[in-house]
Amino acid sequence: GCNNVNISNSEFYDAHDGMNVSNYGSGLTVQNSLFSNIMDDSINVNNGWDNVEIKNNKFLEVLNAFSWTDGFEPALPGTFYFHHNIVVSSKKTLIVNDPNHLLEPKYLGIDGDNMGTGILISSHGSDQKNAPRKIYNNTFYTYKPWGSTSGISAGYDRNTNTTGIPHAM
């Protein structure tokens with residue numbers, strides 16, 4: 001794996017995914033970067049990474065600002081920090097195509113029109129329970145994320161903790 005990776009002052013735009021960080025490692029920092037018009041995950045990190053810090057970035061019209069993906073267990077349960085970011089997900093996009101009307105209404109988008117905005121912090125099968133999450137001092141602006149009626153959402157249950165490893169939002 002890699003160690004102490006720093007991605008700074010970069011731009012990712014008009015893409016399906018902004019950045020995919022695979023395998024495992026320790027010490028990933030993404031800072032002072034712009035993610036714009038990303039159709040899926042702006043930053044997708046395999047759960048084999050520990051000590052991940054995402055700070056001082058702008059995520060403009062993205063589906064997800066950050067997501068975890070299953071694959072490896074982290075060598076150490078290092079903390080995940082997501083702070084001082086601006087996240088905007090207000091533009092509705094096609095989430096589900098159901099021309100034969102086979103899906104239940106709850107799967108047909110926020111307004112029943114197959115359209116929706118993203119879950120701001122998400123996961124692909126992993127809630128990274130072994131890594132304490134610290135999410136603070138961010139600005140989130142969204143229409144209504146997929147699966148939410150409140151207008152704000154994180155793709156994991158912040159109340160599920162591994163004993164002795166707290167999470168803070």
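Computation of the quantities below employed the complete heavy-atom set of this structure, encompassing side-chain atoms and omitting hydrogens, waters and symmetry-equivalent molecules.
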Quiz item: Can you find a heavy atom in the side chain of Tyr24 that is under 4.5 Å from one in the side chain of Asn46?
Solution: no

Self-check item: Nearest atoms (heavy-atom pairs only) where Thr79 meets Lys134
Solution: CG2-CG, 3.6 Å

Practice problem: Using side chain to side chain contact (heavy atoms under 4.5 Å, CB included) as the criterion, point out the one residue from Leu34, Val87, Val88, Asn64 that pairs with Phe59. | Solution: Val87

Exercise. Could you tell me whether a side-chain N or O of Trp49 sits under 3.5 Å from a main-chain N or O of Ser22, the two making a donor and an acceptor?
Key: yes

Practice problem: Among Asp50, Asn4, Asn3, find the one that has a side-chain hydrogen bond (donor to acceptor under 3.5 Å, both in side chains) with Ser26. | Solution: Asp50

Self-check item: Full working for side chain to side chain contact (heavy atoms under 4.5 Å, CB included) between Asn51 and Leu28
Solution: CA-CA 7 Å; Asn51 296 314; Leu28 169 66; over 6 Å; no

Exercise. Take Asn137 and His84 through the side chain to side chain contact (heavy atoms under 4.5 Å, CB included) test and state the conclusion after the steps.
Key: CA-CA 5 Å; Asn137 292 345; His84 295 93; 3.3 Å; yes

Practice problem: Give the minimum heavy-atom separation between Gly18 and Ile38, together with the two atoms involved. | Solution: N-CG2, 3.6 Å

Quiz prompt | Any donor-acceptor N/O pair, Ser36 side chain to Tyr13 backbone, under 3.5 Å | solution = no

Exercise. Please list, chain by chain and in numerical order, all residues satisfying ring-ring contact (aromatic ring centres under 6.0 Å, His included) with Phe12, sequence neighbours excluded.
Key: Phe35

Quiz item: Do Asn32 and Asn9 have side-chain heavy atoms sitting under 4.5 Å apart?
Solution: yes

Quiz item: Can Asp14 and Asn37 be counted as having a side-chain donor-acceptor contact under 3.5 angstrom?
Solution: yes

Quiz item: Which word best sums up how the rings of Phe80 and Phe82 line up, parallel for under 30°, tilted for 30 to 60°, or perpendicular for over 60°?
Solution: tilted

Self-check item: Over 12 non-hydrogen atoms of neighbours within 6.0 angstrom of CE in Met19
Solution: yes

Exercise. Taking the side chain as every heavy atom from C-beta outward, state whether Gln31 and Asn6 have any atom pair closer than 4.5 Å.
Key: yes

Quiz item: Does Asn57 use its side chain to pair, donor to acceptor, with the backbone of Val30 at less than 3.5 Å?
Solution: yes

Exercise. Heavy atoms only: give me the nearest Thr29-Lys55 pair and the separation to one decimal.
Key: CG2-CE, 4.1 Å

Quiz item: How close do Asn138 and Asn85 get, heavy atom to heavy atom, and via which atoms?
Solution: OD1-N, 2.9 Å

Quiz item: Between Ser33 and Ser8, which heavy-atom pair has the shortest distance, and what is it?
Solution: OG-C, 3.8 Å

